[in-house]
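Keep in mind that this is a model prediction, so the values were computed, not measured. Numbered from 1 within each chain, the chains take letters A, B, ... in sequence-line order.
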Amino acid sequence: MSWTDERVETLKRMWAEGQSASAIAKELGGVTRNAVIGKVHRLGLSNRSDEPEPAPAPAPEPVAEKKADRKPAPTAQAPRPEPQPEPAAPAREETAEEEPVSQPVFTPVPRRPIVPAGQPLPPQPSANEISPETLASVREVEKRARKLTLMELTERTCKWPIGDPATDKFWFCGLPSQPGKPYCEAHVSVAFQPMSSRRDRRR
DNA sequence: CCCTGATTCGC
DNA sequence: GCGAATCAGG
């Protein structure tokens with residue numbers, strides 16, 4: 001395999017996306033991660049945070065007040081440390097503003113990163129019917145879970161989610177996954193059900 | 001042990 | 001230019 005324009009383009013794109021060299025190599029095929037890394041360096045884009053898109057600096061001052069500022073002329077050429085990014089205050093717009101609200105206590109909205117599943121991450125144990133023995137077995141296995149974070153998952157780690165994603169008690173099993181499967185043996189057994197036991201029940 | 005990128009150096 | 005081998009780390 002050679003580095004055709006197309007392949008180089010793919011390489012650049014994926015590298016820019018933060019993909020690992022091995023992932024890129026796998027995507028391209030016919031090359032090893034070493035080849036990818038070597039090419040990356042030759043292309044001179046090894047610096048991930050060079051300055052591809054330093055766009056994040058949106059003028060933090062929409063409309064500066066043109067009031068009579070008694071600020072002394074900015075003779076001081078001292079480099080401004082960093083414009084304090086003012087968190088956009090969530091505007092509280094009430095149609096009926098006559099609320100006897102004493103103190104505006106708005107919830108900070110603790111946005112918890114939702115997992116962008118790159119692959120179909122099947123479900124948590126649902127109301128399925130799993131034999132108590134299997135369930136107990138899984139429970140036991142989960143005690144020994146490696147408790148990996150999303151970023152720590154690889155193709156060889158069990159990706160079974162454990163716990164409540166909305167809390168800190170959330171992690172992934174992380175035990176050695178079955179070859180070709182996304183889960184460890186225990187979780188494979190509960191993940192891939194032959195969908196049989198469910199007899200149609202009339203309603 | 002699994003993985004990551006960085007570097008070297010014969011080709 | 002290429003990339004396997006190796007290095008240095010997590």
Salt bridge or not for A:Glu9 and A:Arg13, using N-O below 4.0 Å?
no
Sorted by number, residues from residues 3-11 of chain A placing a heavy atom under 4.0 Å from DNA chain C are A:Trp3
Worksheet item: Between A:Gln178 and A:Tyr183, is a side chain to side chain contact (heavy atoms under 4.5 Å, CB included) present by the stated rule, with each step listed?
Response: CA-CA 6 Å; A:Gln178 293 290 84; A:Tyr183 307 124; over 6 Å; no
Derivation and outcome, side chain to side chain donor-acceptor pair (under 3.5 Å), residues A:Glu142 and A:His187:
CA-CA 9 Å; A:Glu142 290 181 355; A:His187 287 132; 2.9 Å; yes
Could you check how far [atom1] of [X] sits from [atom2] of [N], rounded to whole Å?
{"X": "A:Leu43", "N": "B:dG5", "atom1": "CG", "atom2": "P", "answer": "15 Å"}
{"X": "A:Gln19", "N": "B:dT4", "atom1": "CD", "atom2": "P", "answer": "11 Å"}
{"X": "A:Arg42", "N": "B:dT7", "atom1": "CZ", "atom2": "C1'", "answer": "12 Å"}
{"X": "A:Leu148", "N": "B:dC1", "atom1": "CG", "atom2": "P", "answer": "18 Å"}
{"X": "A:Arg146", "N": "B:dC1", "atom1": "CZ", "atom2": "C1'", "answer": "9 Å"}
{"X": "A:Met14", "N": "B:dT4", "atom1": "CE", "atom2": "P", "answer": "12 Å"}
{"X": "A:Leu175", "N": "B:dC1", "atom1": "CG", "atom2": "C1'", "answer": "15 Å"}
{"X": "A:Leu150", "N": "B:dC3", "atom1": "CG", "atom2": "P", "answer": "17 Å"}

Winner on side-chain proximity to A:Arg156, out of B:dT4, B:dC3, B:dA6, is B:dC3
Its 5'-most and 3'-most nucleotides having an atom under 4.0 Å from a non-hydrogen atom of chain A, DNA chain C is contacted over C:dG1 to C:dT6
Below 4.0 angstrom from OP1 or OP2 of B:dT4, is there any side-chain N or O of A:Ser20? yes
Residues joined to A:Val141 in its hydrophobic cluster, side chain to side chain under 4.5 Å directly or through other members, sorted by chain and number, are A:Leu175
Report task. Tell me, yes or no, whether the heavy-atom count around A:Glu185 atom CD, taken from other residues, nucleotides or ligands under 6.0 Å, exceeds 12. Result -> no
Nearest heavy-atom approach of A:Arg7 to A:Met1 is NH2-CB, 3.6 Å
Does A:Ser2 reach a base, just sugar-phosphate, or nothing at all? Heavy atoms under 4.0 Å.
nothing
Result for side chain to side chain contact (heavy atoms under 4.5 Å, CB included) between A:Leu150 and one of A:Trp171, A:Phe172, A:Phe170 points to A:Phe172
Under 4.5 Å between side-chain heavy atoms, counting indirect links through other Ile/Leu/Val/Met/Phe/Trp/Tyr residues: same cluster for A:Val31 and A:Leu11 or not? yes
On DNA chain B, more 5' by nearest nucleotide between A:Gly38 and A:Ser22 is A:Ser22
- Query: Can any side-chain N or O of A:Ser177 pair as donor or acceptor with the backbone N or O of A:Glu155 at less than 3.5 Å?
  - Reply: yes
Residue pair A:Arg33/A:Met1 against DNA chain C: nearer the 5' end by closest nucleotide is A:Met1
